[in-house]
Protein chains: 2
Amino acid sequence: MVSSKRHLFNQPLLRSHILDAARTIVVRQGFDALSMRKLAEVIGYSPASLYLHFASRDAIAHALSVEGHAMLLAELHACDSVADTGARVKAMAHAYVAFGLTHPEVYRLIFMQNAAYADAAFGDPDASGETVLSLFNHALASSGSPAKAETVWAALHGFVSLSVTATRHLPAPADALVDGLLDLCYPGVKKKPARRPSTSRTA
Amino acid sequence: MVSSKRHLFNQPLLRSHILDAARTIVVRQGFDALSMRKLAEVIGYSPASLYLHFASRDAIAHALSVEGHAMLLAELHACDSVADTGARVKAMAHAYVAFGLTHPEVYRLIFMQNAAYADAAFGDPDASGETVLSLFNHALASSGSPAKAETVWAALHGFVSLSVTATRHLPAPADALVDGLLDLCYPGVKKKPARRPSTSRTA
DNA sequence: GTCTATAGGCTGATAGAC
DNA sequence: GTCTATCAGCCTATAGAC
């Protein structure tokens, strides 16, 4: 919920205030509904003020993508404590899907909108920063199946993105699809570990 | 290429002319670039004329989705002649991915834009019309693995859609991912059958 | 830092003449 | 069937006052 207080105490307009409001609009009405005018109205400032903190609407979208990707990484890292490799991958997969289904518009912004936003979220590929794929790569590498990481990630993305844009036509719940996929990769692993200790809600 | 002839012979403005031009715009500049004004200019008529054939821009998008889905089904049906079940599924999977990579903006419109367009493409679910999923269901059912169809479809969708919006971050070619996935489903099938006898080009 | 005002576009859709 | 003209909005972004 974005507060309706208009700069009490003459509080300066901060980047994070803008981003909070922008995230709320995207989450509730989708990325297309994010306009500078609407955003300005929500935070109680004039549209012109936004340009003191962001060069453009696109810059705001980039920032939201970076932020969203970081949230996703945090959810995946919550599975680090699972000891068994197969179970950890399974937990990560479920956490990934859970993130997508819990924050569909954020997920959509990062991975389904525009290649530029995915680029922003993943960062400079030469900077060897952590990404969703690198996490899956790492998790699967230690189980001796490094080559599977892209397949697993892409399949998980398929489950989430079809759930987002075509739920009616994908009858099976995404979690069931995840289990089905991973049973193929790890026929032995059946137990379902604790997952997602903390589920942060957006805005 | 949309012809620049402006109603030679005083030819009446036909639905299909509008759709051809609309498809061209979507294919070349993306769905967001499809505006009634631009479309009207391409076909050499006034914007008002379009409304004699389509109720709205959305109706045009619906029609394009239906058309695109039919094209995709046709590509998949081209694999019907493959005798071996596993090989047929594999051929279908590759044909699916090939369609997505060949017509990314059409694919995007149908499956990545708006649930309403996917609905339009798939048609009334009670009408038991043919869909991408029903085709995979049928192909996989005869091999004794009906439950896998949604997993396979969703995974293929993941390969295509990440290739469309985040190519840079999915290093492996989609075809390799398809093979990897299907090797999990059909460990025995290695041969790569002839596929896609005809590849129709859009516009 | 924040405002008002506005430049300079874009959009979907419709009324009414021919 | 097709046009012109227009309604009634929307948009990003900037100039310049305070």
Side-chain angles (χ1 to χ4, degrees), chain A residues 2-26 28-65 105 109 113-114 116-117 120, chain B residues 2-26 28-65 105 109 113-114 116-117 120:
Chain A
V2 169
S3 69
S4 57
K5 62 187 172 198
R6 338 177 0 118
H7 45 113
L8 297 175
F9 317 113
N10 234 355
Q11 197 178 30
L13 180 57
L14 292 179
R15 243 184 95 98
S16 61
H17 292 165
I18 298 175
L19 281 186
D20 285 348
R23 198 185 319 106
T24 304
I25 292 174
V26 169
R28 291 190 186 161
Q29 307 177 255
F31 176 66
D32 289 349
L34 178 67
S35 75
M36 301 302 263
R37 289 171 132 81
K38 192 182 290 185
L39 178 49
E41 194 187 12
V42 167
I43 62 176
Y45 285 80
S46 77
S49 301
L50 301 173
Y51 292 91
L52 297 172
H53 300 269
F54 291 94
S56 64
R57 182 186 108 117
D58 223 51
I60 295 177
H62 276 244
L64 284 181
S65 295
E105 292 300 337
L109 174 65
Q113 198 83 36
N114 189 320
Y117 301 154
Chain B
V2 169
S3 69
S4 56
K5 61 187 172 197
R6 338 176 1 118
H7 44 113
L8 298 175
F9 315 115
N10 233 354
Q11 198 178 28
L13 179 56
L14 293 178
R15 243 184 94 96
S16 62
H17 293 165
I18 298 175
L19 281 186
D20 284 348
R23 197 185 322 105
T24 303
I25 293 174
V26 169
R28 291 191 185 160
Q29 306 178 256
F31 175 66
D32 289 349
L34 178 67
S35 76
M36 300 303 264
R37 289 171 133 84
K38 192 183 290 184
L39 179 49
E41 194 189 11
V42 168
I43 61 176
Y45 285 81
S46 76
S49 301
L50 300 174
Y51 291 92
L52 297 172
H53 299 269
F54 291 96
S56 64
R57 184 186 107 116
D58 223 52
I60 295 177
H62 276 245
L64 284 180
S65 295
E105 292 300 338
L109 174 65
Q113 198 84 35
N114 188 320
Y117 301 154

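Below, read A as the first sequence line, B as the second, and so on, with proteins coming before strands; counting in each chain starts at 1. Note that these values count all heavy atoms, side chains included, but never hydrogens, waters or copies made by symmetry.
Residues B:Phe31 and B:Ala61 come closest through the heavy atom pair CE1-CB, 3.6 Å. In plain terms, the two heavy atoms of A:Ala22 and A:Leu39 that are nearest each other are N-CD1, 3.6 Å. Considering every non-hydrogen atom in both B:Ala33 and B:Ile25, the closest pair reads O-CG2, 3.8 Å. Nearest approach of B:Leu64 to B:Leu19, heavy atoms of both residues: CD2-O, 3.8 Å.
In this structure, B:Glu41 places its CD atom where only 12 or fewer heavy-atom neighbours from other residues, nucleotides or ligands lie under 6.0 Å away.
One interatomic measurement links the two molecules: CG of B:Leu50 to P of D:dT4, which rounds to 13 Å at whole-angstrom precision. Rounded to an integer number of Å, the gap from CG of B:Leu14 to C1' of D:dT2 is 14 Å. Computed from coordinates, the B:Asp32 CG to D:dC10 C1' distance equals 15 Å when rounded to whole Å. Taking atom CZ on B:Phe54 and atom C1' on D:dG1, their separation rounds to 16 Å, with Å as the unit. One atom, OH of B:Tyr45, and another, C1' of D:dC3, lie 12 Å apart when rounded to the nearest Å. Atom pair A:Leu39:CG and D:dC10:P shows a separation of 16 Å (rounding to whole Å applied).
Screening residues 49-60 of chain B for side-chain hydrogen bond (donor to acceptor under 3.5 Å, both in side chains), with sequence neighbours left out, gives B:Ser46-B:Ser49, B:Asp58-B:Tyr117.
At the phosphate of C:dT2, neither OP1 nor OP2 sits under 4.0 Å from any side-chain N or O atom of A:Ser49.
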Short N/O separations, protein against nucleotides 11-18 of chain C, under 3.5 angstrom:
residue: C:dT11; atom: OP1; partner: B:Ser35; partner atom: OG; Å: 2.9
residue: C:dG12; atom: OP1; partner: B:Met36; partner atom: N; Å: 3.3
residue: C:dG12; atom: OP2; partner: B:Met36; partner atom: N; Å: 3.0
residue: C:dG12; atom: N7; partner: B:Arg37; partner atom: NH1; Å: 3.1
residue: C:dG12; atom: O6; partner: B:Arg37; partner atom: NH1; Å: 3.2
residue: C:dA13; atom: OP2; partner: B:Tyr51; partner atom: OH; Å: 3.1
residue: C:dA13; atom: OP2; partner: B:Arg57; partner atom: N; Å: 3.0

